[in-house]
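Below, all heavy atoms of this structure are taken into account, side chains as well, without hydrogens, waters or symmetry copies.
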Amino acid sequence: MTSTQHILSSLLLLLLLPLHRNILTSAADGKWDLLLSNVGISAMHMQLLNTDRVVMFDRTDFGQSNISLPNGRCRNDPNDTALTVDCTAHSVEYDVASNAIRPLMVLTDVWCSSGAVMSDGTLVQTGGFNDGDHAVRMYRPCNDNSCDWREIGNGLTQRRWYATNHILPDGREIIIGGRRQFNYEFYPKISGADSSYNLPFLVQTNDPTIENNLYPFVFLNGDGNLFIFANNRAILFNYTNRAVVRTYPTVPGGDPRSYPSSGSAVLLPLRNNVGPEVLVCGGAPRGAYVNASNGNFSAALNTCGRIRINDLNSQWVMETMPMGRVMGDMVLLPNGYVLIINGAGSGTAGWESASNPVLSPVMYRPDNAIGSRFEVQNPSSTPRLYHSTAVLLRDGRILVGGSNPHIFYDFTGVLFPTDLTLEAFSPFYFESRFANLRPRIVSPVSQIRIGYGQQLAVRFTIPSGRLNATLVAVTMVAPSFNTHSFSMNQRLLVLSGGNVVAVANSTYQVRVATPGSSNLAPPGYYLLFVVYRDIPSEGIWVRIT
């Protein structure tokens, strides 16, 4: 063994400690690229699948979209409120590799619905409006363009409109809330008696006529309980025993943060022996929804609350963003940073209810000292207001689409026209100055299956050939279902690890431990990345079972 190999093999890779933050970036980073000028629909909902294709959809009840269904197909729905016979698509599949769109057929109205990817990679999507409010729709991904939606018309026990879904440790989905639904249910049903169950917390957080508790922020805790945030406060909920385990303080200031006040929230990167934290940012102040209905757009909130949810005396720690933002999206990046993107500087969610688009994303570095965590990024030229979306792609870019603040498609004569474009935001780690630091995973191959609590050998290369082993991390990111400023099921795990060993010129291997239980990582597909000095590799797909 060479001296270099000996040094490398003797260094313990403490991947569960905060990632090192020694990359200096300029005052404004990131690059925008227009991918497609017209995808046919406004991307109100978005989900990345393990085929590197993204399913998008909006709603069926506003008339024709801008993309036709193939082969003369038409949707015949006598219950539709706009068109009984509609030969246009309201869902599309985007192929990242070919940068191409394929129209799909949804039968019932998917407006303001929710979803999650099951352990086998199938997108199970629930609820919506009108004849879609009890529907369950399934999209099993494929590589030959043969897949499409299939629907179960009465798959839900309650109507679900503006609800939130989360994958549970046993692989089922829990579906929480929705308009005038103060309860939850599961899918798939395990017996004929599997019904809905009351959740008084949703009654307690309901503002009459305004609500402010829709699309609640839901995260699976490592103990198997659910952190549920609605309006301006949260609980830890044992869904098995139907019991509130603990109640958290109200966010300082008392302003609502969930729909239609529409802040955003994220579960910060999970590390062993480090308590989980939730970050809630932005939104509209109390009264903003009523003000907007009168044509007065209140300034969006510029604060974030951060809380360690397992502390004995959990308290919100408040931070100030560089600007206020309502209807923003928060995306976990492979290196553990959070990108805050899309949204408006004033108003609230709803038709014609916001102005002052926030064109510049903000990077949030959770391990920096408070007061030095936010960094403004280069702006887009495209407003992304109500009904915008953003998801992480396998190569580390952020796919951005949507924006339709109108009840129909309006392209002219309005301040913010309906947007059918698709963009990508490339964070700082794509810049050429970091090319010599960007890892490339050699093995395992993508689509590998892994188990819980196992050792996984990850082999990777570094272009520079020189490596500081203490600055390497391996992360796993769950692809999320994004709509209405919240990414359902979004989570990032920093895997525990051991020695980094040099195995050849510029090639290294690190052994990491896979997540210990399905409480930490529900079964299913994840993107696995090697990160060196905050520069991530392209991801590979792994399926944990």
Item to check | E211: salt bridge (charged side-chain N to carboxylate O under 4.0 Å, His left out) partners, not counting sequence neighbours | outcome: R179
Next on the checklist: If we ignore hydrogens and angles and just use 3.5 Å, is the side chain of R543 paired with the main-chain N or O of S119 as donor and acceptor?
Outcome noted: yes
Next on the checklist: Please enumerate all residues that pass ring-ring contact (aromatic ring centres under 6.0 Å, His included) together with Y525, with sequence neighbours excluded.
Outcome noted: none
Checklist entry - Taking only residues two or more places apart in sequence, or in another chain, which ones meet Y139 in a side-chain hydrogen bond (donor to acceptor under 3.5 Å, both in side chains)? => result E93, R102
Side-chain polar contacts of residues 236-244 - donor-acceptor pairs under 3.5 angstrom, sequence neighbours left out - could you list them?
residue : atom : partner : partner atom : Å
N238    : OD1  : T240    : N            : 3.0
N238    : OD1  : N241    : N            : 2.9

Item to check | Residue list, side-chain hydrogen bond (donor to acceptor under 3.5 Å, both in side chains) with N154, at least two apart or on another chain | outcome: none
Item to check | Criterion side-chain contact (heavy atoms from CB on, under 4.5 Å) against S196, the qualifying member of I175, T157, L156 | outcome: T157
Checklist entry - Counting only N and O atoms by type, is there a donor-acceptor contact under 3.5 Å from the side chain of T320 to the main-chain atoms of T303? => result no
Checklist outcome for this item: With sequence neighbours left out, the residues meeting side-chain contact (heavy atoms from CB on, under 4.5 Å) with P285 are D255, A288, S298, L301
Item to check | Ring-ring centroid check H387 H484, cutoff 6.0 Å | outcome: yes
Checklist entry - Does NZ or CZ of R440 lie under 6.0 Å from the centre of the six-membered ring of Y508, at an angle within 45° of the ring axis? => result no
Item to check | Main-chain N/O of R233 paired with T250 side-chain donor or acceptor, under 3.5 Å | outcome: no
Next on the checklist: Does any part of the side chain of R246, heavy atoms only, come nearer than 4.5 Å to the side chain of S314, both counted from C-beta?
Outcome noted: yes
Checklist entry - Out of D207, N206, T205, which one pairs with N231 under the side-chain hydrogen bond (donor to acceptor under 3.5 Å, both in side chains) rule? => result D207
Next on the checklist: Please check if the number of heavy atoms outside F486 that lie under 6.0 Å from its CZ is greater than 12.
Outcome noted: yes
Checklist entry - Between F229 and W316, how do the two ring planes meet: parallel, tilted or perpendicular, split at 30° and 60°? => result perpendicular
